[in-house]
Amino acid sequence: MNRQLERALKENRAIEIIYMSGNECFSKRTILVREMKGSYIKAYCLQRKQPRIFKLDSILAVSFAGTDRKNA
């Protein structure tokens, strides 16, 4: 998963994540990774149209936007 996030950052590609928030709500987000730092990533959320910080431990799945998981 980290390799996909690093690749998305390097190539400035949108990536879809399944994320579990602190109150255990699940959401699917399409993001642009801006920085990876320790156990967090800074990203721009295309749904919210705002910068967001995501905890790596709470990201359950990752795939490149517009592709199926087999090719990502």
Side-chain angles (χ1 to χ4, degrees):
M1 177 170 54
N2 282 354
R3 289 177 60 200
Q4 288 175 307
L5 292 168
E6 289 169 2
R7 184 173 164 201
L9 172 62
K10 181 180 174 186
E11 297 177 5
N12 197 34
R13 289 179 61 186
I15 198 159
E16 292 178 347
I17 62 171
I18 304 294
Y19 187 77
M20 184 176 65
S21 67
N23 59 359
E24 297 186 1
C25 290
F26 296 91
S27 65
K28 182 177 181 180
R29 305 282 185 97
T30 303
I31 62 172
L32 294 170
V33 179
R34 297 298 184 214
E35 182 180 350
M36 294 183 68
K37 192 168 190 175
S39 60
Y40 293 89
I41 62 169
K42 292 182 182 180
Y44 183 80
C45 177
L46 297 174
Q47 278 84 1
R48 303 277 191 239
K49 299 191 183 340
Q50 292 182 337
R52 298 286 181 170
I53 296 175
F54 297 96
K55 190 174 179 181
L56 283 173
D57 290 346
S58 296
I59 298 174
L60 306 176
V62 174
S63 65
F64 285 99
T67 64
D68 61 24
R69 291 180 202 275
K70 291 185 291 188
N71 296 326

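As a basis for the values below, the full set of heavy atoms in this structure was taken, side chains included, without hydrogen atoms, waters or symmetry mates.
- The side chain to side chain donor-acceptor pair (under 3.5 Å) search around E6 returns none, not counting sequence neighbours.
- Legend: residues meeting side chain to side chain donor-acceptor pair (under 3.5 Å) with S21, ordered by chain and number and at least two apart, are N23.
- Under the rule for a side-chain contact (heavy atoms from CB on, under 4.5 Å), the partners of Y44 that lie at least two apart in sequence or sit in another chain are L32, R34, L46, K49, P51.
- A cation-pi geometry, defined here as NZ or CZ lying under 6.0 Å from the six-membered ring centre and within 45° of its normal, does not hold between R29 and F54.
- Hydrophobic clustering, with ILVMFWY side chains joined whenever heavy atoms are under 4.5 angstrom apart, groups M1 together with I15.
- Hydrophobic clustering (side-chain heavy atoms under 4.5 Å, transitive across Ile, Leu, Val, Met, Phe, Trp, Tyr) groups L56 together with V62.
- Scanning all heavy atoms of the two residues, the minimum distance from L9 to E35 falls at CD1-N, 4.1 Å.
- Contacts classified as salt bridge (Lys or Arg N to Asp or Glu O under 4.0 Å) and involving residues 56-66 (residues at least two apart or in different chains) are not found.
- When all heavy atoms of C45 and R52 are compared, the closest pair comes out as CB-CG, 3.8 Å.
- Shown here are the side chain to side chain donor-acceptor pair (under 3.5 Å) partners of E24, two or more places apart in sequence or in another chain: there are none.
- With I17 as reference, I31 is the one residue of V33, I31, I41, L60 to meet the side chain to side chain contact (heavy atoms under 4.5 Å, CB included) rule.
- Judged by distance alone, the side chain of Q47 and the main-chain N or O of T30 form a donor-acceptor pair under 3.5 Å.
- The distance from the OH atom of Y19 to the SG atom of C25 is 11.5 Å, given to the nearest 0.5 Å.
- Taking the salt bridge (Lys or Arg N to Asp or Glu O under 4.0 Å) definition, one finds that K55 meets it with nothing, sequence neighbours left out.
- One finds the CZ atom of R13 at 9.5 Å from the CD atom of Q4 (value rounded to the nearest 0.5 Å).
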